[in-house]
Structure formats: structure tokens, C-alpha cells
Peer 1: 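Just passing along the structure, written as C-alpha cells.
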Amino acid sequence: MSKVVMSKVMMAGTFAAALALTGLDGPRALAQTPPAKETPAKEATPKEASDKDDARAKRSAERKAKSEERKAKREAAKKQRAEKKAKAAAGRTAQRERLKQCGAEWREAKKAGKTEKGMTWPKFWSACNTRLKPKAG
């Protein structure tokens, strides 16, 4: 006999011995074992039900409060962004006005020949912008 066949015979013998020890009549007996007994679900007392409802209501209120808090934070952040955007736009507008004014001065000075020797537009713009900018503080 080969080793594979011998191992199958030994396993079958072991299974048969296990069945004999348990008193079962074979595979059919294993399939017909009665199902486990189910325990009926315990009904909650009115106090327990009330406690559960109270806990649910408390969690619901906490979630609602957190939601309102997040909403308030979002609104505050949105307002800050709008203010920052408006301030930046005002700064850009002021810079454009200074640029226009300095450009007009540069064209007049070039036409009249009143620019210093070696003066270029970037140097003129820097000096003019500094002069026209409002003093901080």
C-alpha cells in the first residue's frame, strides 16, 4: 500500500473511532443535530427605554451644538476672507493710481528733458512711488 492510501485509511479509522466514542451513527447523525436553543430577547423596562431616549436626545443636542459651532466658524472665516480681499483690492487700486500718476510725470519729464542723466523708468517709478505712498503710522 502507498503512503497516501494508508493515511486515508488511518484518517477514516480515526473519524470512525471518534464517531463511535460520541455515540453518533455517522455523517447523517451529524447533519441531524438539533439547533442550539435561542434565548428570547429581553424586553427593556420603561425606565431603561426612557434612559436610552434621554441619551439619544443628549447626543443629538451635542451634535447639533457642534454643527452650529462649525457653521459659525465657517461664517467668521468667510467674513475675514472677504475683508482681506476687499483690502487687497483697495491696495491694488491705490497702486494703479500711483502708477498712472507717475507714468504721466515720467512722460512730461522726458518730453521736457528734465530727467537726470542715467534716469530710467524703473528708478523713476521707485522714487515716485515712494514719494506718493501714504506715510504709515
Side-chain angles (χ1 to χ4, degrees):
M1 252 195 220
S2 73
K3 288 184 178 181
V4 174
V5 173
M6 285 181 63
S7 64
K8 287 184 179 180
V9 170
M10 288 177 63
M11 287 172 52
T14 307
F15 183 70
L19 287 177
L21 288 174
T22 59
L24 298 174
D25 294 335
R28 186 175 291 180
L30 287 175
Q32 295 176 355
T33 55
K37 292 182 181 178
E38 294 182 17
T39 56
K42 180 182 165 188
E43 292 186 27
T45 63
K47 182 176 180 351
E48 289 172 342
S50 174
D51 289 346
K52 282 185 178 180
D53 289 342
D54 290 345
R56 277 192 194 118
K58 184 178 177 184
R59 285 193 305 270
S60 177
E62 288 172 353
R63 282 194 301 269
K64 189 172 184 177
K66 282 184 180 180
S67 175
E68 292 296 324
E69 184 179 323
R70 287 191 299 267
K71 187 176 180 181
K73 281 184 179 180
R74 282 193 305 269
E75 291 297 322
K78 188 176 181 180
K79 186 177 178 183
Q80 283 179 341
R81 284 192 303 269
E83 290 171 358
K84 186 176 179 181
K85 191 174 181 180
K87 186 177 178 182
R92 286 191 301 271
T93 303
Q95 183 179 2
R96 269 190 226 117
E97 292 301 318
R98 288 192 308 272
L99 181 63
K100 286 179 184 180
Q101 189 175 350
C102 289
E105 288 179 20
W106 171 253
R107 285 188 295 277
E108 288 175 16
K110 284 292 273 187
K111 226 181 232 183
K114 295 181 181 178
T115 57
E116 296 174 13
K117 185 176 181 182
M119 179 64 77
T120 60
W121 164 245
K123 290 178 184 176
F124 186 84
W125 161 244
S126 179
C128 182
N129 189 39
T130 304
R131 181 172 38 90
L132 294 178
K133 260 189 184 176
K135 303 282 189 231

Peer 1: For Arg56, which residues count as a side chain to side chain donor-acceptor pair (under 3.5 Å) partner, sequence neighbours excluded?
Peer 2: Asp53

Peer 1: Can you measure from CZ (Phe124) to NZ (Lys110) and round to the nearest 0.5 angstrom?
Peer 2: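 Result: 10.5 Å between the selected atoms.
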
Peer 1: Can you check whether Met119 reaches Trp106 side chain to side chain, under 4.5 Å on heavy atoms?
Peer 2: yes

Peer 1: So, do Glu83 and Lys79 sit near enough that their side-chain heavy atoms are less than 4.5 Å apart?
Peer 2: yes

Peer 1: Measuring from Cys102:SG to Leu132:CG, what's the distance to the nearest 0.5 Å?
Peer 2: 4.5 Å

Peer 1: Take atom CD in Glu116; do more than 12 heavy atoms of anything else shown fall under 6.0 Å from it?
Peer 2: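 Atom CD in Glu116 is not crowded, with 12 or fewer foreign heavy atoms closer than 6.0 Å.
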
Peer 1: Mark yes or no for whether Thr130, through its side chain, and Ser126, through its backbone, hold a donor-acceptor pair below 3.5 Å.
Peer 2: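 Answer holds: yes.
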
Peer 1: Partners of Glu97 by salt bridge (Lys or Arg N to Asp or Glu O under 4.0 Å), sequence neighbours excluded?
Peer 2: none

Peer 1: Indicate yes or no for a side-chain donor-acceptor contact from Thr93 to the backbone of Ala89 under 3.5 Å, with no hydrogens or angles considered.
Peer 2: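 Checked: pair present.
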
Peer 1: If you define the side chain from C-beta out and look only at heavy atoms, does anything of Trp125 sit under 4.5 Å from Leu99?
Peer 2: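 In short, these two side chains touch, coming nearer than 4.5 Å.
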
Peer 1: Nearest 0.5 angstrom please: Gln95 CD to Lys133 NZ, how far?
Peer 2: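 Here the interatomic distance stands at 7.5 Å.
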
Peer 1: Report yes if the side chains of Arg98 and Cys128 come closer than 4.5 Å at any heavy-atom pair, otherwise no.
Peer 2: no

